[in-house]
Amino acid sequence: MPELPEVETVRRGLEPVMAGVRFARVEQRRADLRFPFPERFAERLEGRKVLRLDRRAKYLLAEIEGGECLLMHLGMSGRFTIEPPRRVRRAASAETAPRGAFLHDTGLGAAHDHVVFHMSNGATVTYNDPRRFGFMDLFAEAERESHKLLAGLGVEPLGNHLNAEYLSGRAHGRRADLKAFLLDQRIIAGLGNIYVCEALHRAGLSPRRRAGTLADRQGRPAERCAPLIAEIRRVLEDAIQAGGSTLRDWRHADGALGYFQHAFRVYDRAGETCPRPGCRGTIRRFVQAGRASFACRLCQH
DNA sequence: AAAAGCCCCTGGACGC
DNA sequence: TGCGTCCAGGGGCTTT
């Protein structure tokens, strides 16, 4: 489920049960996800407190007491589920469960539960990831800025560093499609396929336009960049407000469903009439850089 | 340096 | 019911 709004939604869901709380026990159920887990992963976490839970791009970053940083990426299919601190559980479930077991009531099953964090407050946080494109790492907090996976990331789309001058400068001379340019995490970090499609439609820009056409024209970088930036921010903020998007019935950390998918204007809406008021176009699906794009030919140029 | 492919992996939807 | 094919919210790595 992981573009920026979904990761931010997960962060907000995990924060209350993890921030300021110790790892009592960590179950690492396989040697690797996309990459091998770091050495002594579980032992290095157990007994330590989570000081803070941050998001950078699509990464979750937990500062751990003792000077380490836990990095978590959800890949395509990663999700967290939370079992709140043990209280009164339904009697029927309690009877059939092993003593002390935490029950999954999410309906997801435990087949791909790869990591289970048992927190000292009694909460259980389970990482489930069928495709295993996600991964975790643990490294010195001091290396956060220089970490291989974080060092090259571009600006946060909701931060102050994304502005017309920046975007214009990075776009200058680029021959790649605008779609691919916006998906490039080294330029803007956190956008994914859905929100790029949505932002481009809102901005009236074609995904196939060359990125370089956004660049400065006679010292007016804001001309095309500013409206696009405004739409990127708007769609991300709207999505976060809605709790992200839930595709294929996936749930967020607290078990709730995000509902921004109902607000998609173009993503996965091939064949539908363009939702822009007054536009009679039809949403088309096509492939760019191996990924599906959705756009209206009539109002996106 | 930038751009284009390939690949990692499982599961759901669909056609036959 | 079963099987084959295609597709999926990401991104690292290698090749041009």
Side-chain angles (χ1 to χ4, degrees), chain A residues 1-10 30-37 55-60 71-80 107-114 127-137 147-154 157 169-200 207-212 215 235-236 239-240 242-253 257-264 266-270 285-294:
Chain A
M1 45 156 127
E3 292 186 42
L4 187 153
E6 291 73 38
V7 177
E8 178 59 24
T9 299
V10 170
R30 48 179 300 132
D32 58 78
L33 293 172
R34 178 172 181 182
F35 305 119
F37 279 91
R55 179 192 57 73
R56 170 77 171 105
K58 300 170 191 171
Y59 293 95
L60 290 167
L71 173 152
M72 298 171 279
H73 194 288
L74 302 170
M76 289 278 267
S77 59
R79 73 210 74 170
F80 283 98
L108 292 169
H112 300 290
D113 289 352
H114 305 308
Y127 180 70
N128 179 287
D129 187 356
R131 294 176 73 179
R132 303 201 303 276
F133 286 174
F135 50 90
M136 297 190 188
D137 196 8
H147 188 279
K148 186 182 176 188
L149 299 171
L150 304 176
L153 289 174
R170 295 299 298 264
H172 182 77
R174 293 269 189 156
R175 302 183 58 76
D177 290 348
L178 182 53
K179 165 90 182 295
F181 174 75
L182 294 175
L183 281 175
D184 187 340
Q185 302 298 295
R186 296 167 301 182
I187 311 295
I188 301 176
L191 298 180
N193 204 30
I194 291 175
Y195 297 104
V196 166
C197 289
E198 293 297 315
L200 286 173
R208 295 198 247 227
R209 158 199 286 275
R210 290 214 192 286
V235 74
L236 293 178
I240 290 171
S245 303
T246 307
L247 274 61
R248 294 174 270 283
D249 241 12
W250 294 357
R251 289 161 184 261
H252 293 308
L257 297 166
Y259 52 89
F260 190 74
Q261 65 278 9
H262 302 300
F264 291 168
V266 294
Y267 185 82
D268 209 18
R269 295 200 181 283
R285 179 191 185 280
F286 48 98
V287 175
Q288 290 179 285
R291 320 273 311 265
S293 289
F294 298 89

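Protein chains get the first letters and strands the later ones, always in sequence-line order, with residue 1 at the start of each.
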Completion exercise
Whole-Å distance, A/D268 CG to B/dG12 P, equals 17 Å

Exercise for the section: Evaluate the ring planes of A/Y127 and A/F80, with Trp represented by its six-membered ring, and classify them as parallel (under 30°), tilted (30 to 60°) or perpendicular (over 60°). Expected result: tilted

Handout entry: A/L74 CG - C/dG10 C1' separation (whole Å)
Key = 10 Å

Handout entry: Minimum-distance nucleotide to A/Y267 side chain [options: C/dG10, C/dG11, C/dA8]
Key = C/dA8

Handout entry: Whether over 12 other heavy atoms sit under 6.0 Å from A/R208 CZ
Key = no

Completion exercise
Heavy-atom closest pair (A/D129 atom, A/G134 atom, distance to 0.1 Å) is OD2-N, 3.0 Å

Practice task
Please check the phosphate of C/dG9 (OP1 and OP2 only) for any side-chain N or O of A/K58 closer than 4.0 Å.
Solution key: no

Completion exercise
Applying side-chain contact (heavy atoms from CB on, under 4.5 Å) to A/F133 and not counting sequence neighbours gives A/M76, A/R131

Close N or O pairs between protein and nucleotides 7-11 of chain B (under 3.5 Å):
from   : atom 1 : to     : atom 2 : distance (Å)
B/dC9  : O4'    : A/R131 : O      : 3.4
B/dC9  : O3'    : A/R132 : NH2    : 3.4
B/dC9  : O2     : A/R131 : NE     : 2.8
B/dC9  : N3     : A/R131 : NH2    : 3.4
B/dT10 : O4'    : A/P130 : O      : 3.3
B/dT10 : O3'    : A/H112 : NE2    : 3.3
B/dG11 : OP1    : A/H112 : NE2    : 2.7

Handout entry: Phosphate OP1/OP2 of C/dG11 contacted by A/K148 side-chain N/O (<4.0 Å)
Key = no

Handout entry: Sub-4.5 Å side-chain heavy-atom contact between A/N193 and A/K179
Key = yes

Practice task
May I ask you to evaluate whether A/H73 reaches the phosphate of C/dG10, defined as a side-chain N or O under 4.0 Å from OP1 or OP2?
Solution key: no

Fill in the blank from the handout: Rounded to whole Å, the CZ-C1' distance (A/F294 to C/dC7) equals 10 Å

Handout entry: Euclidean distance, atom OH of residue A/Y59 to atom C1' of C/dG10 [Å, nearest integer]
Key = 9 Å

Exercise for the section: Tell me whether the OP1 or OP2 atom of C/dG9 has a side-chain N or O from A/Y195 closer than 4.0 Å. Expected result: no

Problem - Worked verdict on A/R174 versus A/I187 for side-chain contact (heavy atoms from CB on, under 4.5 Å) - result: CA-CA 12 Å; A/R174 293 269 189 156; A/I187 311 295; 3.4 Å; yes

Practice task
Look only at the side chain of A/E6 and the backbone of A/G244, and say whether a donor-acceptor pair between them is shorter than 3.5 Å.
Solution key: no

Could you go over nucleotides 2-6 of chain B and give all protein N or O partners under 3.5 Å, atom names and distances?
from  : atom 1 : to     : atom 2 : distance (Å)
B/dA3 : OP1    : A/R175 : N      : 2.9
B/dA3 : OP1    : A/A176 : N      : 2.9
B/dA3 : OP2    : A/R174 : NH1    : 2.9

Practice task
Indicate the ring-plane relationship of A/F264 and A/Y195, choosing parallel, tilted or perpendicular according to the 30° and 60° boundaries.
Solution key: perpendicular

Problem - Non-neighbouring partners of A/L149 that pass side-chain contact (heavy atoms from CB on, under 4.5 Å), sequence neighbours left out - result: A/Y59, A/F135, A/H147

Practice task
Could you tell me the separation between the CG atom of A/L60 and the C1' atom of C/dG10, rounded to a whole number of Å?
Solution key: 14 Å

Practice task
Would you kindly give the CE-to-P distance between A/M76 and C/dC7, to the nearest whole Å?
Solution key: 13 Å

Problem - Duplex segments of DNA chain B, taken as runs of at least three Watson-Crick or G-U pairs that stay under 3.5 Å - result: B:2-8 with C:10-16, B:10-16 with C:2-8

Exercise for the section: Name the nucleic acid region contacted by A/L149, choosing base, sugar-phosphate or nothing; use a 4.0 angstrom heavy-atom cut-off, strictly under. Expected result: sugar-phosphate

Exercise for the section: Answer yes when A/D184 and A/R186 have at least one side-chain N-carboxylate O distance shorter than 4.0 Å, and no when they do not. Expected result: yes

Problem - Rounded interatomic separation in angstrom, taking CD from A/Q288 and P from C/dG10 - result: 14 Å

Fill in the blank from the handout: From CZ of A/R79 across to P of C/dG10 the rounded distance in Å is 15 Å

Exercise for the section: Would you classify A/F181 as touching base, sugar-phosphate or nothing, given that sugar-phosphate means primed atoms plus P, OP1 and OP2, and contacts are heavy atoms under 4.0 Å? Expected result: nothing

Completion exercise
Between A/L4 and A/A57 the two heavy atoms that sit nearest each other are CG-O, 4.4 Å

Handout entry: With sequence neighbours excluded, residues passing ring pair (Phe, Tyr, Trp, His ring centres under 6.0 Å) with A/F181
Key = none

